Amino acid sequence: MKKGIIFDLDGTLINTISDLNDAVNLTYQELKIDKYDDVDTTRQRVGHGIHNLIEQCFVEYPDLIEVAYKTFLAKYEQVYDKTSTPYPNIKELIDTLIKNNIKVGVNSNKNDNYTKRLIELHFPNINQEYVLGHVDSMKVKPDPEGVNYIIDKMNLEKDDVIYVGDSLTDVETAHNAHLNCLSVTWGFRSKDELIDHDNILVDEPKDILKYL
């Protein structure tokens with residue numbers, strides 16, 4: 001029986017894409033950039049942290065990247081939980097895991113303050129000690145530094161932990177941390193993108209229980 005499980009956040013636990021997309025377009029408006037991104041465009045750009053998202057959005061305006069990043073953070077503050085909601089049956093899964101004494105962690109490339117706030121809002125029973133977003137002192141995924149930090153906080157061995165995410169970045173993170181990886185098919189990436197990467201695909205949250 002596994003004793004711990006670490007989840008990615010965006011696209012795995014919570015569907016945040018509309019709010020991220022709104023913040024991107026509000027940033028364009030604020031900076032007088034005649035550009036509009038749809039949700040699918042933003043979906044393909046997320047996964048490597050907010051700064052990386054802005055770098056992709058403003059690739060044609062390199063001199064504006066840093067001011068755009070600061071502007072995005074101000075706009076995202078206004079909308080970060082406007083429509084973001086946990087995926088169906090995820091809350092029930094988390095409740096089941098915790099009731100069965102499975103330690104639940106979250107590791108995201110989203111800035112740490114938003115990661116912690118979204119988890120506190122939607123999953124208040126997850127121990128914040130096991131929740132980590134991007135901080136300047138640590139490398140972003142797929143580097144395993146954040147995952148290793150959470151495992152140390154959990155006081156568990158790696159053989160006791162599995163990793164769950166929705167992207168190839170998460171698969172790489174799990175492999176780099178020497179953890180088994182479950183890839184969810186309800187997130188930001190298609191099933192075709194995720195198949196055949198030394199991972200296990202799961203179509204429903206309850207399916208995760210089979211691999212504990």
Side-chain angles (χ1 to χ4, degrees), residues 2 4-21 23 39 42-43 46-50 53 76 79-100 102-135 140-142 146-147 149-151 153-154 161-174 177 179-191 193-194 199-212:
K2 297 294 185 181
I5 181 168
I6 299 175
F7 290 91
D8 170 54
L9 175 61
D10 302 81
T12 301
L13 293 178
I14 302 177
N15 187 351
T16 58
I17 196 63
S18 290
D19 292 338
L20 287 164
N21 186 64
V39 168
T42 300
R43 182 183 290 112
V46 298
H48 295 276
I50 289 176
L53 169 63
Y76 192 54
V79 300
Y80 78 96
D81 197 48
K82 185 177 179 181
T83 64
S84 292
T85 186
Y87 287 97
N89 302 315
I90 282 289
K91 284 192 172 184
E92 292 82 356
L93 170 66
I94 298 300
D95 289 343
T96 298
L97 292 169
I98 291 175
K99 285 177 183 177
N100 284 277
I102 305 296
K103 294 181 178 180
V104 176
V106 179
N107 182 215
S108 176
N109 278 342
K110 183 191 291 290
N111 291 22
D112 187 61
N113 62 325
Y114 289 115
T115 299
K116 286 181 164 61
R117 286 158 69 179
L118 283 166
I119 292 300
E120 186 175 11
L121 281 168
H122 296 287
F123 303 97
N125 54 344
I126 292 180
N127 188 339
Q128 285 278 323
E129 188 177 9
Y130 308 146
V131 177
L132 179 69
H134 172 60
V135 293
V140 297
K141 297 185 294 184
V147 170
Y149 174 88
I150 294 170
I151 293 172
K153 286 288 185 180
M154 290 177 167
V161 180
I162 59 174
Y163 188 90
V164 181
D166 73 306
S167 70
L168 292 183
T169 298
D170 293 311
V171 175
E172 292 177 44
T173 302
L179 300 177
N180 290 330
C181 181
L182 304 183
S183 294
V184 306
T185 60
W186 57 78
F188 294 169
R189 299 290 180 259
S190 70
K191 196 169 187 175
E193 289 180 74
L194 296 171
N199 54 340
I200 299 170
L201 270 59
V202 290
D203 296 322
E204 299 286 343
K206 61 182 175 60
D207 294 341
I208 290 171
L209 298 172
K210 301 175 185 177
Y211 300 100
L212 295 176

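From a predicted model like this one, the values you see are computed outputs, not experimental measurements.
Between the side chains of Asp170 and Ser167, at least one donor N or O lies within less than 3.5 Å of an accepting N or O. Side-chain contact, Lys110 with Tyr76: a donor N or O sits under 3.5 Å from an acceptor N or O.
Residues Asn199 and Leu194 share a closest heavy-atom pair of ND2-O, 3.0 Å. Residues Ile14 and Phe123 come closest through the heavy atom pair CG1-CE1, 3.8 Å. Minimum interatomic distance between Pro86 and Lys91 (heavy atoms only, all atoms of both residues): CG-CE, 3.7 Å. Closest approach of Gly133 to Thr115, counting heavy atoms only: CA-OG1, 3.6 Å. When every heavy atom of Lys103 is checked against every heavy atom of Met154, the shortest pair comes out as NZ-O, 2.6 Å. Nearest approach of Thr12 to Tyr87, heavy atoms of both residues: O-CD1, 3.6 Å.
Arg189 places a side-chain N or O within 3.5 Å of a backbone atom of Arg43 that can act as its donor or acceptor partner.
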Checklist entry - After noting the C-alpha distance and the side-chain angles of Asp81 and Arg117, does the key distance pass the salt bridge (charged side-chain N to carboxylate O under 4.0 Å, His left out) rule? => result CA-CA 9 Å; Asp81 197 48; Arg117 286 158 69 179; over 6 Å; no
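Taking 4.0 Å as the cut-off between side-chain N and carboxylate O, Asp112 and Lys116 count as a salt-bridged pair.
Looking only at side-chain heavy atoms (C-beta outward), Leu209 and Leu212 come within less than 4.5 Å of each other.
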